[in-house]
Amino acid sequence: QVQLVESGGGLVQPGGSLTLSCTISGSAFRFVAVGWYRQAPGNQRDLVASINRGGSTNYADSVKGRFTIARDMNNVYLQMNSLKPEDTGVYYCNVRTEYNVDYWGQGTQVTVSS
């Protein structure tokens, strides 16, 4: 079983910073990629940032230059700087296995508001 537990969300003022963490447990699968997705109210769940086993990263255009994704043995991080109100949403940690199966965390709310 693969379990993802997220933390670090909360309320932050525009221009502020926040770091999200995702702890991954279970070693039954080889992960080909990990990432963060965001679902804003009324919208689909869209990619924010991802990193594959080779270290290649992808970022949504809206967060390039502001967000950074990183991972270590058991965790995935999303460092968010210069936050904007449009960054508000539920952020989900994602892992994709060698079988191309996606696993998702429970989501953590990020609200950017003055």
Side-chain angles (χ1 to χ4, degrees):
Q1 291 273 29
V2 177
Q3 293 182 332
L4 292 74
V5 180
E6 298 155 328
S7 62
L11 175 65
V12 64
Q13 296 184 37
S17 297
L18 208 60
T19 299
L20 306 182
S21 299
C22 173
T23 299
I24 303 170
S25 62
S27 57
F29 303 101
R30 296 177 62 194
F31 304 145
V32 299
V34 298
W36 288 93
Y37 288 71
R38 177 174 65 208
Q39 187 165 14
N43 293 328
Q44 300 292 327
R45 188 179 302 181
D46 296 319
L47 174 71
V48 175
S50 67
I51 182 168
N52 65 20
R53 286 193 292 156
S56 296
T57 57
N58 288 315
Y59 294 94
D61 288 341
S62 62
V63 307
K64 287 181 178 177
R66 300 188 297 119
F67 290 10
T68 303
I69 188 170
R71 68 167 298 176
D72 58 26
M73 187 176 303
N74 299 305
N75 301 280
V76 187
Y77 308 96
L78 185 67
Q79 183 179 357
M80 304 183 293
N81 299 321
S82 302
L83 284 161
K84 304 175 180 179
E86 51 262 44
D87 295 320
T88 294
V90 179
Y91 285 71
Y92 296 90
C93 182
N94 165 267
V95 300
R96 178 163 291 181
T97 73
E98 60 185 329
Y99 306 108
N100 293 317
V101 174
D102 287 335
Y103 290 84
W104 299 92
Q106 80 286 354
T108 183
Q109 177 71 43
V110 173
T111 302
V112 184
S113 176
S114 60

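These values consider heavy atoms only, across backbone and side chains, with no hydrogens, waters or symmetry-generated copies. One-based numbering along the sequence shown.
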Practice prompt. Please check if the side chain of Tyr77 supplies one atom and the backbone of Thr68 the other of a donor-acceptor pair under 3.5 Å.
Written response: no
Quick check on the hydrophobic clustering: are [X] and [Y] connected, directly or via other members, by side-chain heavy-atom contacts under 4.5 Å?
{"X": "Tyr91", "Y": "Ile24", "result": "yes"}
{"X": "Val90", "Y": "Phe67", "result": "no"}
{"X": "Val76", "Y": "Tyr103", "result": "yes"}
{"X": "Trp36", "Y": "Phe31", "result": "yes"}
{"X": "Leu18", "Y": "Tyr92", "result": "no"}

Item to complete: Would you mind telling me which of Leu20, Val5, Leu78 makes a side chain to side chain contact (heavy atoms under 4.5 Å, CB included) with Thr108?
Response: Leu20
Minimum heavy-atom separation for [X] and [Y], please, with both atom names.
{"X": "Arg45", "Y": "Tyr37", "result": "CG-CB, 3.7 Å"}
{"X": "Val32", "Y": "Glu98", "result": "CG1-CA, 3.7 Å"}
{"X": "Leu4", "Y": "Val2", "result": "CD1-CG1, 3.6 Å"}
{"X": "Gly35", "Y": "Ile69", "result": "CA-CD1, 3.8 Å"}
{"X": "Met73", "Y": "Arg71", "result": "O-NH2, 4.2 Å"}
{"X": "Ser62", "Y": "Arg38", "result": "OG-NH2, 3.6 Å"}

Do the non-hydrogen side-chain atoms of [X] and [Y] ever get within less than 4.5 Å of each other?
{"X": "Ser113", "Y": "Leu11", "result": "yes"}
{"X": "Met80", "Y": "Val110", "result": "yes"}
{"X": "Gln109", "Y": "Thr88", "result": "yes"}

Practice prompt. Sequence neighbours left out, what pairs pass salt bridge (Lys or Arg N to Asp or Glu O under 4.0 Å) with at least one residue falling in residues 60-69?
Written response: Asp61-Lys64, Arg66-Asp87
Discussion item. If you count every heavy atom of other residues, nucleotides or ligands that lies below 6.0 Å from Gln3 atom CD, does the total exceed 12?
Written reply: no
Discussion item. Evaluate Asn75 against Thr23 for side-chain contact (heavy atoms from CB on, under 4.5 Å), listing each step before the verdict.
Written reply: CA-CA 5 Å; Asn75 301 280; Thr23 299; 2.9 Å; yes
